[in-house]
Protein chains: 2
Amino acid sequence: MIPPGRRKVPAISRPTSKDVAQEAGVSQSTVSLVLGGKWTGRVSPATARSVRIAAERLGYRPNKAARNLRLGTTRTVLLMVPTLTAPFFGPVYTGAARVAARHGFGVVVSTWPEDDPAGTGETVDRTPRNGPWASPHEAIDGILASSMAASTTATTVGGALREYRLTPAVMLDSGPAGDRVPTVDFGVADGMRAIVEHLAALGHRRIGHVAAAVDQWTFRTRADALTAAVTALPGGTVTRASCMIDVTSAKDAAGRLLDRSDRPTALVCDDDLIAAGAYKAARARGLDVPADLSVTGFDDVLLATALEPELTTVRLPAEELGTQGMTALLDLLAGRRPPPRTLPGELIVRGSTAPPAPGDKDPRTP
Amino acid sequence: MIPPGRRKVPAISRPTSKDVAQEAGVSQSTVSLVLGGKWTGRVSPATARSVRIAAERLGYRPNKAARNLRLGTTRTVLLMVPTLTAPFFGPVYTGAARVAARHGFGVVVSTWPEDDPAGTGETVDRTPRNGPWASPHEAIDGILASSMAASTTATTVGGALREYRLTPAVMLDSGPAGDRVPTVDFGVADGMRAIVEHLAALGHRRIGHVAAAVDQWTFRTRADALTAAVTALPGGTVTRASCMIDVTSAKDAAGRLLDRSDRPTALVCDDDLIAAGAYKAARARGLDVPADLSVTGFDDVLLATALEPELTTVRLPAEELGTQGMTALLDLLAGRRPPPRTLPGELIVRGSTAPPAPGDKDPRTP
DNA sequence: CTGAAAGCGCTTACAG
DNA sequence: CTGAAAGCGCTTACAG
């Protein structure tokens, strides 16, 4: 009964611990003991040495699948992100991997839903029986699901009581989930409020929102918080245009706002990359940032300081998101129930914001 | 003999196919047949239905580790990258995942060497017995190793005949490896030559190289190709400063070159992000890009068009690297020996390059 | 100090 | 159409 995997690659057949045992003239269990580092006091040094030599000679590498099955754990966690193209997720991984490593866990990243890898326009479900939470093939101990689409979050978390029992999961940057799943989120509403306060203090009232047309909790929250904060301002008005998170699309959207007769004096952008597009739209119209137009970003990725002028934005502690998320997941795996956490963003004021040009100033402000 | 994994989480115990079988009143093999989709003609529709209902009721999810062990394959490939913070690797993943999905494979990403997750300054070796090629915990079918450190490439590939037999691997963007391992590389030397030709045609002779102090084949190759191409130019000279791939460090390095008495008229940067630093150094000195200083990047990531002026750079087909790499790996898994491939870069001329200012012009050029 | 054996949860020939 | 059984390669109690 040869498994089909073997049949395909007949030339290559990895040695097993049995082969090593035979080579060393010992039993298979001795090999396992020695190579597993649990031999002291149980196997003679001489035997251990011969086992190691035999393993080396054969190029033995333990079979992970067998090990995982036997131990009932893989000590591997899957970090699911919507895309790897966004610079935001690098630090999230770094934070998660750091904490994981300390506990002997590995982190592996995958996109969901699939980044449309087949290019068919529809997302590929590689495991029809397994629902959205299941990873396709990997044996894992838990999932860190970051920045899930808001629409699927509802369904997923809706059915989460069941799913959750099956693979321990923590949701990151995906909004509150009650007590159904542990969550770690950013204080994006507060961050947006800080931006509006900053702009208001400078004298801005006509705010343009260049919004990311991305179905995620964080962007919904940003839009809602912005609207609420601006309309609470005396004389405050919001105009809004939506775009994809890329420079060209953002430039177009920003341009639409700048071409209005009631041109905003400040553009609040949902993302630093969108702000780069706003810069371009401004320049194309001969508007100076920040003299003629203030621009703000969100996230504080590397791009924010690469731009000229450097971008006023809200720093989100991405690495901390990974750190806290992994900590929560390890808690969960240990049988605890980590409480939801919110990580505050921080307004970083740089050169892209200034008082509105005199002609643009609202008469009611000083 | 309860495996230790079980003991830790006594409350949660996932149902197995045996549980489903009991629930449905059938044998375990029938459950496997039905849920594996191989039941038509072998199990009655009624039985199949009851199995599916039982599985649903118990929230059954097949154990991947067991499946992997049994099948001898995981249909999962590991993409190893030096860091996830660089925007370059997103498209590589996308390309690899697309091809993989078409063949029923999944791709999972991990950094190596570990992105220093423990923050100790030394890289963590989670599996001391397993050498650099081994993934830490995951059971995988193969490895796509991208942009490996040049120093480890030598040792790794040196011992690769042995390693290679154990986990099929393809090296991406890591330089030629003879016939020891299949490789996919970029034509970075040609790309660098194209940059120099472009600058030379504009009249530049004093070239500054803002070099990435990163131990990778691609950067060594860029430096060598640049030096060779410039010194082949009549009157061509190269000055060089090294930096990390971040804006601040790049700005410093570029500044050192710009402060020389024989100030270069063009800065060739090893990376688009470095070019952003060069822009800043130029601005800080009142130099206009491109009127007073030409700047070029490399890679053509999103940043290149976010900058002002937009950056002349060499586009590397990152997604294609993933595509070709995965294709090669699938070939390898099928027992073929994919030949090494080189993907050409493409010079993208944008607004950051122009003829040198009159006073800077080499008298010998037109 | 060493080995024989159980068993993790699957898939799949094989026997009925 | 259905079930009993083998076996993937490990780890680890258990017996000697």
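Quick note on labels: first sequence line is chain A, next is B, and so on, each numbered from 1. When reading the values below, keep in mind they use all heavy atoms of this one structure, side chains included, and skip hydrogens, waters and symmetry mates.
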Participant: For dA13(D), which nucleotide in any strand shown is its Watson-Crick or wobble partner with both distances under 3.5 Å?
Facilitator: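 By the stated definition (distances under 3.5 Å), nothing pairs with dA13(D).
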Participant: Kindly say if T47(A) contacts the phosphate of dT2(C), meaning a side-chain N or O under 4.0 Å from OP1 or OP2.
Facilitator: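 Checking T47(A) against dT2(C): at least one side-chain N or O falls below 4.0 Å of OP1 or OP2.
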Participant: Could you check which of dC10(D), dG3(C), dG3(D) has an atom nearest any side-chain atom of V26(A)?
Facilitator: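 Per side-chain heavy atoms of V26(A), the pick is dG3(C).
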Participant: Check the surroundings of atom CD in E23(B): do more than 12 heavy atoms from other residues, nucleotides or ligands lie under 6.0 Å from it?
Facilitator: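 More than 12 heavy atoms, drawn from other residues, nucleotides or ligands, come within 6.0 Å of this atom.
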Participant: Quick one: look up who dA4(D) pairs with, Watson-Crick or G-U, both distances under 3.5 Å, and put none if it's unpaired.
Facilitator: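 The base-pairing partner of dA4(D), which may sit in any strand shown, does not exist here.
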Participant: OP1 or OP2 of dG3(C) less than 4.0 angstrom from a side-chain nitrogen or oxygen of S27(A), does that happen here?
Facilitator: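 So the side chain of S27(A) is within the cut-off, an N or O lying under 4.0 Å from OP1 or OP2 of dG3(C).
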Participant: Hey, does the side chain of S174(B) reach the backbone of L172(B) with a donor-acceptor pair shorter than 3.5 angstrom?
Facilitator: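 Judged by distance alone, yes, a pair lies under 3.5 Å.
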Participant: Ignoring the backbone of P62(A), work out which of dC1(D), dA4(D), dC10(D) is nearest its side chain.
Facilitator: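 Output: dC10(D).
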Participant: Return the value, rounded to whole Å, for the distance between atom CZ of R70(B) and atom P of dA6(D).
Facilitator: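 From R70(B) CZ to dA6(D) P: 13 Å.
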Participant: Above 12 or not: heavy atoms from other molecules or residues under 6.0 Å from CD of Q28(A)?
Facilitator: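 Atom CD in Q28(A) is packed in, count exceeds 12.
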Participant: Round to a whole Å and report the spacing from CG of L33(B) to C1' of dT12(C).
Facilitator: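 Result: 8 Å.
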Participant: Considering heavy-atom distances to DNA chain C, does Q28(B) or V43(A) have its closest nucleotide positioned more toward the 5' end?
Facilitator: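 First, find each residue's nearest nucleotide; the 5'-ward one identifies V43(A).
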Participant: Which sits closer to the 5' end of DNA chain D, P45(B) or A66(A), going by the nucleotide each is nearest to?
Facilitator: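 Nearer the 5' end of the strand: P45(B).
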Participant: Let me know the distance between CG of N63(A) and P of dT11(D), rounded to the nearest Å.
Facilitator: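 Spelled out: CG on N63(A) to P on dT11(D) is 10 Å.
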Participant: Kindly say if K38(B) contacts the phosphate of dT12(C), meaning a side-chain N or O under 4.0 Å from OP1 or OP2.
Facilitator: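 Indeed, a polar side-chain atom of K38(B) lies that close.
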Participant: For R61(B) and dG9(C), give me the distance from atom CZ to atom P, rounded to whole Å.
Facilitator: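 Distance check: R61(B) CZ to dG9(C) P gives 16 Å.
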Participant: Between dG9(D) atom C1' and L71(A) atom CG, what is the distance in whole Å?
Facilitator: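 Going from L71(A) (CG) to dG9(D) (C1'), I get 12 Å.
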Participant: Please report, rounded to the nearest Å, how far the C1' atom of dC1(D) is from the CH2 atom of W39(B).
Facilitator: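 Interatomic distance, CH2 of W39(B) to C1' of dC1(D): 12 Å.
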Participant: Taking the side chain of S32(A) as its heavy atoms from C-beta onward, which of dG3(D), dC10(C), dT12(D) lies nearest to it?
Facilitator: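 Looking only at heavy atoms from C-beta outward on S32(A), the closest nucleotide is dT12(D).
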Participant: Go through dA4(C), dC10(C), dG9(D) for me and flag the one nearest to the L69(B) side chain.
Facilitator: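 Among dA4(C), dC10(C), dG9(D), the one nearest the side chain of L69(B) is dG9(D).
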Participant: Please name the residue in the list N68(B), T76(B), T73(B) that meets the side-chain hydrogen bond (donor to acceptor under 3.5 Å, both in side chains) test with D141(B).
Facilitator: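 Single pass found, and it is T73(B).
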Participant: Let me know the distance between CG of D141(B) and C1' of dC8(D), rounded to the nearest Å.
Facilitator: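 To the nearest whole Å, that distance equals 14 Å.
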Participant: Has R341(A) got a side-chain atom pairing as donor or acceptor with P182(A)'s backbone, closer than 3.5 angstrom?
Facilitator: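 Not at all, since once roles are kept as given, no pair shorter than 3.5 Å links the two residues.
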Participant: Phosphate oxygens OP1/OP2 of dT2(D): is one of them under 4.0 Å from a side-chain N or O of S44(B)?
Facilitator: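 Answer is yes, contact under 4.0 Å.
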Participant: Side-chain N or O of T30(A) versus OP1/OP2 of dT2(C): is the shortest distance under 4.0 Å?
Facilitator: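 Negative; the distance criterion is not met.
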Participant: Using only atom types and a distance under 3.5 Å, with no angle test, would you say the side chain of Y93(A) pairs donor to acceptor with the backbone of T111(B)?
Facilitator: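 Yes; at least one donor-acceptor contact below 3.5 Å.
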Participant: In this structure, how many angstroms lie between the P atom of dG3(C) and the CD atom of Q22(A), rounded?
Facilitator: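 After rounding, the reported distance stands at 13 Å.
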Participant: With a 4.0 Å limit, can you tell me whether S17(B) has a side-chain N or O closer than that to the phosphate oxygens OP1/OP2 of dC10(C)?
Facilitator: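 Checking S17(B) against dC10(C): at least one side-chain N or O falls below 4.0 Å of OP1 or OP2.
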